[in-house]
Amino acid sequence: MRALVIVDLQNDFMPEGALGVPEADRIVPLINRLIGKFDIVVASQDYHPCNHCSLISNHPGRRVRESVVINGLSQIIWPDHCIEGTYGSRLVEKLDQSRLARVFHKGTHPEYDSYSCFFDNGHFYSTGLDDFLRQAGADQIYLCGLTIDYCVKYSAIDAVACGFDTYVILDACRGIDMIPGDLHNAITEMVAAGVRIITADTFLEM
Ligand code: VGL
Ligand code: ZN
């Protein structure tokens, strides 16, 4: 059975948002068309408490995009984004949410960031997505959303590790490309991990 996982399609990742991703708004209509092609549809939501370790406001004197080490893990400092309960944390209104079986929060522990929608960056905690998909009978996982160089990439690599047949629908994703080449490297890393890269025309008449 095929499951679509829509990663972090939230206001703060839209082009005008706090952690704006170029063209992020452009993938929403495409994802809305894809939703009808899947047996199960879920979404993830980056959802940080205001004392979260990834937020610049908790690192006085540091700059956005600097790396620090927290609990032995390398942590990039991001602009304040996706703080629980805020407008920026909400899924974008234009996303068709009528068929979402569940929304999984990630990055909710103040001391651990979570790029993957399966596990935090230290692999200490599960969001429950793995068990949910398994119990729903999914064996093929298709990912789309934001961002290809962080959350989609780490989610896809974890999906393979969880034993799912894993696909990334590339034209239904956008990336940050913080260091030029990150997008390209993300694809190389995913393919090396066993992720298959496809495009939306596999499902849609384009
Ligand atoms: C993300 C950076 C920080 C993402 C989330 O969704 O890719 N990136 N938090
Ligand atoms: Zn985040």
Side-chain angles (χ1 to χ4, degrees), residues 4-28 31 42-59 62-71 73-92 95 103-125 127 129 143-159 168-170 172-187 189-190 193 195:
L4 181 67
V5 178
I6 303 168
V7 180
D8 297 3
L9 215 59
Q10 295 165 259
N11 293 322
D12 270 343
F13 295 120
M14 291 297 114
E16 309 301 317
L19 213 174
V21 175
E23 299 185 349
D25 50 332
R26 295 237 236 137
I27 63 177
V28 183
I31 291 174
V42 297
S44 69
Q45 195 174 13
D46 205 36
Y47 209 71
H48 303 310
C50 59
N51 60 344
H52 191 255
C53 61
S54 75
L55 308 177
I56 183 69
S57 56
N58 299 317
H59 298 276
R62 302 241 179 221
R63 288 178 197 211
V64 162
R65 301 182 175 199
E66 257 182 64
S67 263
V68 291
V69 175
I70 300 171
N71 295 323
L73 296 174
S74 168
Q75 173 68 54
I76 300 172
I77 301 173
W78 297 105
D80 289 1
H81 68 284
C82 298
I83 295 173
E84 56 186 9
T86 61
Y87 169 79
S89 74
R90 276 193 230 149
L91 297 182
V92 300
L95 173 67
V103 178
F104 289 84
H105 286 170
K106 56 198 253 311
T108 55
H109 190 300
E111 289 183 31
Y112 297 99
D113 207 359
S114 187
Y115 293 144
S116 160
C117 50
F118 289 92
F119 305 101
D120 65 274
N121 293 358
H123 275 236
F124 297 116
Y125 302 98
T127 60
L129 178 59
L143 295 118
C144 62
L146 307 167
T147 62
I148 195 78
D149 29 4
Y150 289 93
C151 293
V152 173
K153 177 180 86 174
Y154 287 104
S155 299
I157 291 172
D158 277 351
V168 165
I169 308 171
L170 194 59
C173 299
R174 286 294 186 275
I176 300 175
D177 215 11
M178 183 159 80
I179 302 163
D182 277 357
L183 292 183
H184 180 265
N185 292 339
I187 293 167
E189 278 179 60
M190 287 191 285
V195 177

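Quick note: residue numbers are just sequence positions, from 1. These figures come from a predicted structure and were not determined experimentally. Just so you know, ligand 1 is whichever comes first in the structure, and atom 1 is the first atom listed for that ligand.
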To check your reading of the model: name the closest protein heavy atom to atom 7 (O) of ligand 1, its residue, and the distance in Å. Thr147 OG1, 2.7 Å
Side chain Ser155, main chain Cys117, donor-acceptor under 3.5 Å: yes
Does only the side chain of Val7 get under 4.0 Å from ligand 1, or the backbone, or both, or neither? Count heavy atoms. neither
Reference residue Tyr47; test ring pair (Phe, Tyr, Trp, His ring centres under 6.0 Å); the match among His105, His81, His52: His105
Any N/O/S atom, side chain or main chain, of His48 closer to the Zn ion (ligand 2) than 2.8 Å? yes
In this structure, does ligand 1 have an atom that sits under 4.0 Å from one of the heavy atoms of His81? yes
Asp158 and His123: side chain donor to acceptor below 3.5 Å: yes
Residue His81, metal the Zn ion (ligand 2), N/O/S under 2.8 Å: yes
Salt-bridge test for Lys106 and Asp8: reply yes if a basic N is under 4.0 Å from a carboxylate O, no otherwise. yes
What atoms in ligand 1 come closer than 4.0 Å to a heavy atom of Cys151? 1 (C), 4 (C), 5 (C), 6 (O), 7 (O)
Using side-chain contact (heavy atoms from CB on, under 4.5 Å), reason through Leu55 and Ile83 one step at a time and then give a plain yes or no. CA-CA 9 Å; Leu55 308 177; Ile83 295 173; 3.9 Å; yes
Answer yes if the ring centres of Phe124 and Tyr112 are under 6.0 angstrom apart, and no otherwise. yes
Does a donor on one side chain sit under 3.5 Å from an acceptor on the other, for His184 and Asp182? no
Residue Asp46 atom name (nearest to the Zn ion (ligand 2); N/O/S): OD2
Atoms of ligand 1 less than 4.0 Å from Asp8 heavy atoms? 4 (C), 6 (O)
In the protein, what heavy atom is nearest to atom 5 (C) of ligand 1, and what distance, to one decimal place, separates them? Asp46 OD2, 3.1 Å
May I ask you to identify the nearest protein heavy atom to atom 2 (C) of ligand 1, giving residue, atom name and distance to one decimal place in Å? Trp78 CE2, 3.4 Å
